[in-house]
**Q** 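Please read through the structure below; I'll follow up with questions.
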Amino acid sequence: MEDLLKLNRREFLKKISVITGSTAALASMPWLKIFNNDVYAKSANDKVRLGFIGIGDRGSVLLKNVQAFESLLNVEIAAICENYEPNYQRAIQYTTGKAKPFYDYRKLLEMKDLDGIVIATPLAEHCHITVDALNAGFHVFCEKAMARTLDDTKKMYDEHIRTKRILQLGHQRIFNPIYLSAIEKIRKGEIGQITHMRAYWHRHGDWRRAVPKGKPELDRVINWRLYDDLSAGLFTELLSHQMQVANWVKDSFPTSVVANGSLIYYTKNREVHDHISCLYYYPDGTQFMYDSINSNKYYGCEEQILGSKGTMELELNKVYSETPPSPPAILQLVNDMEKGIFNTIPIGGASWVPETAVKYKGEYITDNYKMDETKLQLEAFTRYIREGKAPEELPIQGYYSSVWSLLAEQAAKTQQRVTLDEKYRI
Amino acid sequence: MKDITISGKKIKLEIIIWVCCLCASVLINIYAIVKYNNSWWELLTQLPIVLLISFMIYFFTGIIRFGIYSIHKLFFRSKE
């Protein structure tokens, strides 16, 4: 079993190819140091037993990802908890009845032989379930964003510090080899000084899911993302992911944010915005522009990192130099000759030419790979449980991405520039 | 139908003409490298393009030579 663990680790390291022997990379990604570690607090022969609370769409994905490496990493899904009957039944099917099922998470937390809890409930329930799980002595993996309110977010972090239990948030890009390679290149200065960042997440859909007929009371259970007291909508569900990436790139956190939100397309039966835009300011003057909309999916999802020497588009795994290599000289000559022969003679013309985007395909940040970042982050969680601890950088990243997502919501609602209250600084 | 014989001498001539076209292509490549200040490695890396251009030049010289031959043949035939 130990050999399998090492093999998996070697395979992972080989595929991301940024870690071994690279102290600079480990310094900027200390959460990966675990993969170089030969010593574990819990041996490879001891099973890591997990309980899952919240097995809706995302919870099901997390559960299936853990099932993919259960036998390889000696992990067991020992308990599941879900209070919505269809999801409850589905979870039992997924686990073929092997995991002990619960409706009430407090009963699950009474199990003494669990090591970690995976929480994928609606946002407004993250805080009390996480706090109870940490208090019960369990390590916790909680989906992002951390919580619905700033106070709850702080409460979760404080409880993690007090109980000394692992708190890992569901920011899977932290474990994505493309992002890891990108950050390493950024730290080495390959794209120069980071002067600007942009991100967007455009979708076409209203998030609304079908509610069983005759049970309108289930609308808040099923469509919690659309209710203001249960979710901050696009701010917490989408922005928080890319907020984490922006903070990671800058290796710092914003000082203020201005934002706007509007409800202009899916205006019925919805309390949260369907279009948002934010502008964050970092201590060195860098700005991070963000927008997320629900009415058009043409541009999809992207994080664009603009440096003085190059640009990265992380979702596309592409890096573009500010001074792209010139095409072969002989082709340039042929091209110029063609233009000389075939170009039309302009009759007057503009005295200036608009600067259009450079047509240059760029290079790949790293080799294209087929590793699922969600699986990698869960794998890391089980390894941290064996280690008995996790890098503190992880909950800090999760904390500030949640806090600044909520502050953007505040800025949108108050139409004021918002800064961080010192009581929320960790 | 008449048999067409292509002598060794003819083939040798065509090869020499093509080699001249190749030399011209290489010279064009050198000129382009100097003009656009690119790397001299392109003498090797752009060989496929150079070869392609040499064949294009050979083809165009072939058209010109055929034209000259046709006019010559027409001129001498009419004289006869």
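Residue numbers start from 1 in every chain, and the chains themselves are labelled A, B, ... in the order their sequence lines are given, proteins ahead of strands.
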**Q** Would you say B/T45 and A/P328 make side-chain contact, with heavy atoms under 4.5 Å?
**A**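 Heavy-atom side-chain distance check fails, nothing below 4.5 Å.
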
**Q** I need the B/Y31 OH to A/I330 CD1 distance, nearest 0.5 Å.
**A** 12.0 Å

**Q** Does B/W41, at its CH2 atom, have more than 12 non-hydrogen atoms belonging to other residues, nucleotides or ligands within less than 6.0 Å?
**A**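 It does not: B/W41 CH2 has 12 such atoms or fewer within range.
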
**Q** Count the heavy atoms of every other residue, nucleotide or ligand shown that sit under 6.0 Å from CD1 of B/I63, and state whether that count exceeds 12.
**A** yes

**Q** Report which part of B/I49 has an atom under 4.5 Å of a heavy atom belonging to chain A: side chain, backbone, both, or neither.
**A** side chain

**Q** For A/R198, I'd like to know if atom CZ has over 12 heavy atoms of other residues, nucleotides or ligands within 6.0 Å.
**A**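 Atom CZ in A/R198 is not packed in, count stays at 12 or less.
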
**Q** Over all heavy atoms of both residues, which pair between B/N38 and A/A329 is shortest? Give the atoms and the distance, please.
**A**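 Heavy atoms of B/N38 and A/A329 come nearest at ND2-N, 3.3 Å.
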
**Q** Is it the side chain or the backbone of B/I30 that comes within 4.5 Å of chain A heavy atoms, both, or neither?
**A** neither

